[in-house]
4 protein chains.
Amino acid sequence: MIIILSSQATKENLSHVTQMLEDRGYAVHLSEGVERTIVGAVGVPADATQKAAVMEQFEALAYVEKVVPVSKPYKVVNKAFHPEPTVIDVRGIKIGDPSSVVMMAGPCTVETEEQLMEAARAVKAAGATILRGGAFKPSTSPYSFHGHGEAALKMLAAAREELNMPIITEVMDVRDVEMVCQYADILQIGTRNMANFSLLNEIGKTQTPALLKRGMAATIEEWLQAAEYIANQGNKNIMLCERGIRTFETYTRNTFDINAIPALKELSHLPVIADPSHATGKASLVSAVSRAAVAAGADGLIIEVHPNPEKALKDGAQSLLPEAFVKLMQDLAPICTAVGRTL
Amino acid sequence: MIIILSSQATKENLSHVTQMLEDRGYAVHLSEGVERTIVGAVGVPADATQKAAVMEQFEALAYVEKVVPVSKPYKVVNKAFHPEPTVIDVRGIKIGDPSSVVMMAGPCTVETEEQLMEAARAVKAAGATILRGGAFKPSTSPYSFHGHGEAALKMLAAAREELNMPIITEVMDVRDVEMVCQYADILQIGTRNMANFSLLNEIGKTQTPALLKRGMAATIEEWLQAAEYIANQGNKNIMLCERGIRTFETYTRNTFDINAIPALKELSHLPVIADPSHATGKASLVSAVSRAAVAAGADGLIIEVHPNPEKALKDGAQSLLPEAFVKLMQDLAPICTAVGRTL
Amino acid sequence: MIIILSSQATKENLSHVTQMLEDRGYAVHLSEGVERTIVGAVGVPADATQKAAVMEQFEALAYVEKVVPVSKPYKVVNKAFHPEPTVIDVRGIKIGDPSSVVMMAGPCTVETEEQLMEAARAVKAAGATILRGGAFKPSTSPYSFHGHGEAALKMLAAAREELNMPIITEVMDVRDVEMVCQYADILQIGTRNMANFSLLNEIGKTQTPALLKRGMAATIEEWLQAAEYIANQGNKNIMLCERGIRTFETYTRNTFDINAIPALKELSHLPVIADPSHATGKASLVSAVSRAAVAAGADGLIIEVHPNPEKALKDGAQSLLPEAFVKLMQDLAPICTAVGRTL
Amino acid sequence: MIIILSSQATKENLSHVTQMLEDRGYAVHLSEGVERTIVGAVGVPADATQKAAVMEQFEALAYVEKVVPVSKPYKVVNKAFHPEPTVIDVRGIKIGDPSSVVMMAGPCTVETEEQLMEAARAVKAAGATILRGGAFKPSTSPYSFHGHGEAALKMLAAAREELNMPIITEVMDVRDVEMVCQYADILQIGTRNMANFSLLNEIGKTQTPALLKRGMAATIEEWLQAAEYIANQGNKNIMLCERGIRTFETYTRNTFDINAIPALKELSHLPVIADPSHATGKASLVSAVSRAAVAAGADGLIIEVHPNPEKALKDGAQSLLPEAFVKLMQDLAPICTAVGRTL
């Protein structure tokens, strides 16, 4: 790390900082400038445990102007340490494999068996290979529909049985992880739970693949640190899902951060999935953003499709009708080809 | 709610929308303009359960341009339904009482008994009436210090015993709620857990007062809906804590949303607390923002104080030294007097 | 527009609002609900001059809770009134033509004749058809290089002569518009000047095509209103350029709003250009975002290329080396083909 | 500045960087760590002209991971170089004087002589000492009212004559600066023009005091650099005005950045004014935010007051009725006293 002293720092201040660093096991390099002194702190602390806290201890000193971190705060998910891309095998479907783009689709919520099967058959017929559906919904309002819970999981399992499609579903409560693992092929961690560390740790103790949605106001660095929580517990089957970040724009529900796709490919080895449904909040924009995501390098997409959005219990405005989903797949195919992948 | 049809909507579209509304129990009022038709939907659904979902069902229709909600999505915490301010009694200290401003202070984290007692005695001597201290810490990095857990809670209880100060501490894991309730006088829900609905529900089932920190990117409306979750379960002893929101500014850790203080006083009857430590991330700015918050109408403050920030295991840069806290209390007193309250 | 009265509004309040509306020429439709009354105001004011002001007059009333606009605040650039896409002819190059994607490239700033020609020949050889280069630079610091002014414009004209490439260059000062028009084929309005209404009006009085960059914190609606300024003065040759918006993310310079591309295609008939250089601020991310923009429907791109970024007087970090630009063009070609367009 | 090399950088890369630095006149200090090498660049370039560009040249190198600036990019407005607070004398009123808080008030726009005089007399009677009023309005829509121009300036001058109140008014067009200087005592630079460098330079060449509003998405650093533009031209009579920044919150028009007040006091010596009218967009929140700003250290306030907001041609919703302004002054007085200043 680098410690920049204020221009008013004295010789005693400098000695104090140097001593603090040496006490913590760092080697010290001084760079005395005209206005300021810059202190380089080099070392490999026994473990990275106190890194952030140590930086703050120095920032607490009145005569320290700024502390600049040098190394990235994540290791296991860091591409620099693991250059090979991670490929996650889900019942034979290889997510993260550079030769394919994976399509996950289905209704936002499992409402009834009939609604689920209708949507599932439709998306399967159109070419999706993984079925999504919510059993537990994170509703902003306590009065909204919250999902059918385990009953919905059973319906998803039945759909998987009939259609031979793995299922991805969200788990919200740390006490439900074990139960949901019995049904789900992929556990989805929602945007509001990206920093629910108890949940991340619990999922990290399983071996079930996890799709980690970006917090709506999380930086890429915080996102990768959240992934590091899961990986640190032993579960490295993590895929990152960009679902839009919160900005000042009100025409769309969120702002899809397309920069994040190639950025993540530089920083990490984990597969990157795109969710254009939540990112736009408007069914009419989903197709274009899907194409953009694939063109930018996304390994897969997760899209909401409902047989009858005007009866949807949640997120009707962004769900695609089955016909629209078919069209999206048709428009997407040439883009996949253009980037050398099959859909 | 109001449904605005697109200028291309046909007579059949209008009939369909009208029918959908009547099926759901709404009375329909049409406002046919030159360019568009506006449909007013009036009614009192048996319960507010489907409100958001119903709105989305209409937004899903291609010929509906926009749906505008009219009533607020929260009831129990809504000032319109409960004009009297809520006052929460914590061992005799009345939070939300218009004649006083409550000061909660202490270290970010309970590190050792010695550190805790030193900080506790210092803040008590300076005039704080409630002691804060973290037993469970929400660290962005999996490698950081996460708190001493129950051992820390016991230390806090011992401090309460000696100093006669109620304690406030964060609970992060829904499975810890019952245990933490045995020690804490106020449960703190952190910014990253504002939308952890499982946790909100669990805390809602207790009668322990809760301090609900605003999500770093939560709108005031989402924040009040989160409070509604807790209140809906039966626990109305909720205080709201503004701790800064995430913006593009990098000089400070967050941006303290001073507008929110009077805004919340218009919309809700719950007490409003300010956290200038996390909101600024810089010890040197804490005093000014504290004064501002009280001048704007805050019912209390929660401030980090550490006997030795350069040894702090977390958040050293924003913690005040005991002497600085004493000065803050001195600078704050005349502001409290100016707004007719005692500190 | 729709006026939502507060639940405390009285009969007199309602009469007053109704009267105010009728005085302004509106027809009034009432929708009396259980909690509130909603007032629909319908009419075609002689001119749209006071629309925003009128809305605010009603919002000023204490018993009005909210005023909701219904029609869009722009007409000339509105797709609803002009469904045919606008195609701008620049010396034979048709920007906005659905059969092609236009590539504009060149250095950020014109530094020397040699540097300009080297960059210009390189981008032309790689397939770009329009040359960009800055003569006037909007530097955040008063001490930075501000461009060579008219001398640079002459160099750009010379480059156009030799290479038969139209030129696009930024004009910052309203007093320079006439002079710059003598050289430039396209006038660029920078992000910091999107709301410089004097400049927009001045450019609106010319017939020179204008590329209007989105303000870094401008909503799509504000952006289209800025375009309306230009169009309202008579110049309809406007292309919109998405260059990234300001968000909390710090890994990239801005956040490219990919949603905006299909959104603009829904709302307006103007061509849409993408600037992945400023949007990312990192040369390594430019290619992926370029592909994404074209896949999402962009009509063109504008990219910074410098023969020697480590000597660049500005924006070196995001400029592509000529070789990298060649590679970008190669990667982009199949994407163009996939969306049925030629590069 | 500090240059952090990527962990893949080679010895040749290091030599190249070192050579580039020496060529530019820097002294080089190396800090070779386990993973990376950090290069400290120290020196006093003849002029700060190329600072930002130089940093970018290094960032352009593939093997440079990050470049960290050390010194602040502004000098004249920097408190470190000018510790004494700047006090601007406007016809005897001392803005920035620690013993007083200055109140500037008046209508958003000068609509008629009658409206202006009514508002002016009201605010004067209530205790305001400087009159505001717009002659040129920055309207987002080309169809809105844009102000009466010079005719309005004459009305303001007449009001000054009768009431002995200096006037502050916005100038938008660089070509109007000379003319507006003949009337205005303080030139206001609007939020949309904070980065209109032509305008800043022109105003910098005058000696008329300038109130520089923060750009709605400008960082504190960019804001101070904009002030540096003005100061660099010779005009040091600059006051900074916080008017709210753009965030995701929609309940209020902007988010007043209260942190900025004490932050600016740390970084700069210029007076700091607060605009709670635009910052909140809601008349009911103006008083609380005014009190907060003064409690936090603001040197003055600028508030919109209209005799009849429901007839206002602009910004009716945030304008205070004269009676409300009187109440605000009454509520503000004890806060001023509490911070040791007179209103």
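Chain A is the first sequence line, chain B the second, and so forth, proteins listed ahead of strands; every chain is numbered from 1. Below, each value reflects all heavy atoms present in this structure, side chains not excepted, and no hydrogens, waters or symmetry copies. All figures in this text were calculated on a predicted structure; none of them were measured in a lab.
- Within residues 321-335 of chain B, the residues having any heavy atom under 4.5 Å from a heavy atom of chain D are, by residue number, Pro334(B), Ile335(B).
- Only the side chain of Leu267(B) comes within less than 4.5 Å of a heavy atom in chain D; its backbone stays farther off.
- Contact of Ala218(B) with chain D is made through the backbone alone, with heavy-atom distances under 4.5 Å.
- Side-chain contact between Phe248(D) and Thr219(B) is present, with at least one heavy-atom pair separated by less than 4.5 Å.
- The candidate from Thr250(B), Thr252(B), Val339(B), Ile220(B) with the greatest count of non-hydrogen atom pairs under 4.5 Å with chain D is Ile220(B).
- Every pair tested for ring pair (Phe, Tyr, Trp, His ring centres under 6.0 Å) that includes a residue from residues 287-306 of chain B fails, sequence neighbours excluded, so the list is empty.
- The contact between Phe256(B) and chain D is made by backbone and side chain atoms together, counting heavy-atom distances below 4.5 Å.
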Dump the intermediate steps for side chain to side chain contact (heavy atoms under 4.5 Å, CB included) on Thr255(B) and Ile245(D), then the final yes or no. CA-CA 10 Å; Thr255(B) 296; Ile245(D) 58 174; 4.2 Å; yes
Tell me which donor-acceptor pairs under 3.5 Å the side chains of residues 284-298 of chain B have, and how far apart each pair is, sequence neighbours excluded?
residue, atom, partner, partner atom, Å
Ser284(B), OG, Glu266(D), OE2, 2.4
Ser287(B), OG, Arg291(B), NH1, 2.9
Ser290(B), OG, Val286(B), O, 2.7
Arg291(B), NE, Ala295(D), O, 3.1

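- When the heavy atoms of residues 221-229 of chain D are compared with those of chain B, none of the residues falls under 4.5 Å.
- Contact annotation for Thr280(B): both backbone and side-chain heavy atoms come within less than 4.5 Å of a heavy atom of chain D.
- Using modelled atom types, one side-chain atom of Asn259(B) and one backbone atom of Asn254(D) make a donor-acceptor pair closer than 3.5 Å.
- The contact between Ala217(D) and chain B is made by backbone and side chain atoms together, counting heavy-atom distances below 4.5 Å.
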